[in-house]
Participant: 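Starting off with a structure, shown below.
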Amino acid sequence: MGMTMTQKILAAHAGLDSVTAGQLIEAKLDLCLGNDITAPVAINEFERSGATRVFDRTRIALVMDHFTPNKDIKAAQQVKRTREFAGKYDIVNFFDVGRMGIEHALLPEQGLVGPGDCIIGADSHTCTYGALGAFSTGVGSTDLAAGIATGKTWFKVPSAIKVELKGALRPFVSGKDVILHLIGTIGVDGALYRSLEFVGEGVKSLSMDDRLCIANMAIEAGAKNGIFPVDETTLAYCKDRFQRELRVFEADEDAVYDETVVIDLDTLRPTVAFPHLPENTKTIDECAGAVEIHQVVIGSCTNGRIEDMRAAAEVLRGRKVADSVRCIIIPATQEIWKQSMHEGLFDIFIDAGAVVSTPTCGPCLGGHMGILAQGERAVSTTNRNFVGRMGHVDSEIYLASPYVAAACAVTGTLTDPATL
Amino acid sequence: MIAQGFVHKYGDNVDTDVIIPARYLNTSKHEELAAHCMEDIDTEFVNKVKQGDIMVAGKNFGCGSSREHAPIAIKASGISCVIASTFARIFYRNAINIGLAILECDEAASAIEAGHEVKVDFDTGVITDLTTGATYQAQPFPPFIQNIIEKGGLLSSISERL
């Protein structure tokens, strides 16, 4: 029986010729990731287990991105604990303020993850690296601790949903609209325990930033991972970045999928997910003008990359953020920050009345740098709109692309960027 | 292994942000996390919950972030077992790894109501609603998973082998 792309990567990392859905395997890990929230818990577990060494000091990434620059004393203590652990074990890829970026933008950019890899991260959006043709999934801190100690973990081999992409995206429509549309179609548990494998001629029209955004939110459909085939776009992205041997896996022609979902990219419209679940989607045509907005956030591991900054600038150029709106823009890494600055995007943002922040996950999870008060509504390019996610339990989050979010900042309500 | 207690009931898609809001993730101390467990959907939970109580919920319990703080907060609040129609996969793995007993049973999750007294036998997977007398069959955990839960988590269970 044929294997999916995910199954082939898992088989290779388990040293097996083939695997089938449901099989329990032990796989070798190419990289283990933790951040300032999850690493301290993993370090506690690592030390409690009696472990005295890490499996490979070059294959552990610790990124201080969630509550940094430290938002309070407790957050500072957690970063300090992680910094000391990184020092003790001489961890090569420890990223502190000044070098850090949002982990899922930073690791691909720095070439620490790439095609054919098997990766775990104690952060649910670790599934992002599937955009590069890697098997990559989120785990908890205990699994991270065991991974750091042994370089291995166990997996139940997933079955898969095939997502066939046709055509090409229209202006002002982006990867964010693809993934919101998919989650709206199959639901927040539509891919529970399974892979989302993106295939079809439509893939080639998607930029790497679009793919990273789409794979990033696979978890929001409950998926174990999301994955794209490796093509010229992938190889061009990895060239001069990816530092290890690149391995290209392809799904077998007779691979078995649980079901197929077809998405026609030509007909996709800008899409907004209403509170309080990412599956509550409407096209902008169904909801333009529906609600008043108080804050716009453009950034995060989902949409803080250079194309996202350019999209926001395209909409904000020569326009003003509405008086009633705070518009917060967060380039995800130092490299993206510099690039945005050199391209003059910051002039556009600042002239429009937006603020530009240092890289941080901050407001996405209600940490800092943009917390909502009672009754406030945000349009955000982040990934979750759960109750209380960005602040007060009675605040609301509307998820959208950078194009749509920037347009909403200008008008103060849900807006189709094409109508400005 | 047996769990017995009174039921706290919730709906579908209970996410990790409501189980333990991120604003409290600047600590990993179990008792501090437990003090804020469920507060964004049930402000009374921390006052009502008693040692050994059982949580019952609908589908996709624990969806969202990978924060292990979520099952830790539930366990530290005194909950002895979570019964749900389905669990989100990272939460499922985390719960076992930290030694929080969880069972998937759609029938029990639908029928059992808040305030009922429920007994769970982990060896057989039988869930008994002591208030109504009804019984439900869940898939019992294999012995190695039961061992992880009894030892209080994955690392505790393997540390004797390290």
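Residue numbers start from 1 in every chain, and the chains themselves are labelled A, B, ... in the order their sequence lines are given, proteins ahead of strands. Quick caveat: nothing in here was measured; it's all calculated off a predicted structure.
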Participant: Any pair with a residue in residues 46-69 of chain B that passes ring-ring contact (aromatic ring centres under 6.0 Å, His included), sequence neighbours left out, goes on the list, sorted by first then second residue, please.
Facilitator: B:Phe61-B:Phe87, B:Phe61-B:Phe91
Participant: For the candidates A:Lys74, A:His392, A:Lys71, which exhibits the highest count of non-hydrogen atom pairs separated by less than 4.5 Å from chain B?
Facilitator: A:Lys74
Participant: Less than 4.5 Å to any heavy atom of chain B: does that hold for the side chain of A:Asn44, its backbone, both, or neither?
Facilitator: side chain
Participant: Under 4.5 Å from any heavy atom of chain B, what part of A:Ile219 do you find: side chain, backbone, both or neither?
Facilitator: side chain
Participant: Under 4.5 Å, heavy atom to heavy atom, which residues of residues 32-42 of chain B contact chain A?
Facilitator: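 Heavy-atom contacts from residues 32-42 of chain B to chain A are B:Glu32, B:Asp40.
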Participant: So for B:Asn94, is it side chain, backbone, both, or neither that comes closer than 4.5 Å to the heavy atoms of chain A?
Facilitator: side chain
Participant: Please state whether the side chain, the backbone, both or neither of A:Arg389 comes within less than 4.5 Å of a heavy atom of chain B.
Facilitator: both
Participant: Using heavy-atom distances under 4.5 Å, tell me whether A:Leu144 contacts chain B through its side chain, its backbone, both, or neither.
Facilitator: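 For A:Leu144, neither part sits under 4.5 Å from chain B.
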Participant: Are A:Asp143 and B:Asn97 linked by a side-chain donor-acceptor pair shorter than 3.5 Å?
Facilitator: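 Judged by distance alone, the side chains do pair up.
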Participant: If you compare all heavy atoms of A:Ser124 against all heavy atoms of B:Gly64, which two are closest, and at what distance to 0.1 Å?
Facilitator: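 Smallest interatomic distance, heavy atoms only, reads CB-O, 3.6 Å.
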Participant: Is there any ring-ring contact (aromatic ring centres under 6.0 Å, His included) pair reaching into residues 119-140 of chain B, and which pairs are they, with sequence neighbours excluded?
Facilitator: none
Participant: Which members of residues 107-118 of chain B, sorted by number, sit under 4.5 angstrom from chain A on a heavy-atom basis?
Facilitator: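 Within residues 107-118 of chain B, no residue comes under 4.5 Å from chain A.
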Participant: How long is the straight-line distance from CG of B:Leu25 back to CD1 of A:Ile37, given to the nearest 0.5 Å?
Facilitator: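 With rounding to 0.5 Å, CD1 (A:Ile37) is 5.0 Å from CG (B:Leu25).
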Participant: Is a side-chain donor-acceptor pair under 3.5 Å present for B:Arg93 with A:Thr153?
Facilitator: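 Yes.
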Participant: In terms of heavy-atom proximity below 4.5 Å to chain B, should A:Gln78 be classed as side chain, backbone, both, or neither?
Facilitator: side chain
Participant: Verify whether one side chain among B:Glu68 and A:Thr38 offers a donor that lies under 3.5 Å from an acceptor in the other.
Facilitator: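 Absent: no donor and acceptor within the cut-off.
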Participant: Atom CE of A:Met390 and atom CG of B:Asp17: how far apart are they, to the nearest 0.5 Å?
Facilitator: 10.5 Å
Participant: What is the distance from atom SG of A:Cys127 to atom CD1 of B:Ile90, rounded to the nearest 0.5 Å?
Facilitator: 7.5 Å
Participant: Determine whether a donor-acceptor pair (N or O, by modelled atom type, separation under 3.5 Å) exists between the side chain of B:Arg89 and the backbone of A:Gly222.
Facilitator: no
Participant: Only pairs of heavy atoms separated by less than 4.5 Å count here; which of A:Glu45, A:Gln77, A:Lys224 has the most with chain B?
Facilitator: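 It is A:Lys224.
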Participant: Please state whether the side chain, the backbone, both or neither of A:Leu192 comes within less than 4.5 Å of a heavy atom of chain B.
Facilitator: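 For A:Leu192, the contact with chain B is made by the side chain alone.
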Participant: Check whether any side-chain heavy atom of B:Val18 lies under 4.5 Å from a side-chain heavy atom of A:Phe386, and answer yes or no.
Facilitator: no
Participant: Given heavy-atom pairs under 4.5 angstrom as the criterion, report whether the side chain, backbone, both or neither of A:Asn70 touches chain B.
Facilitator: neither
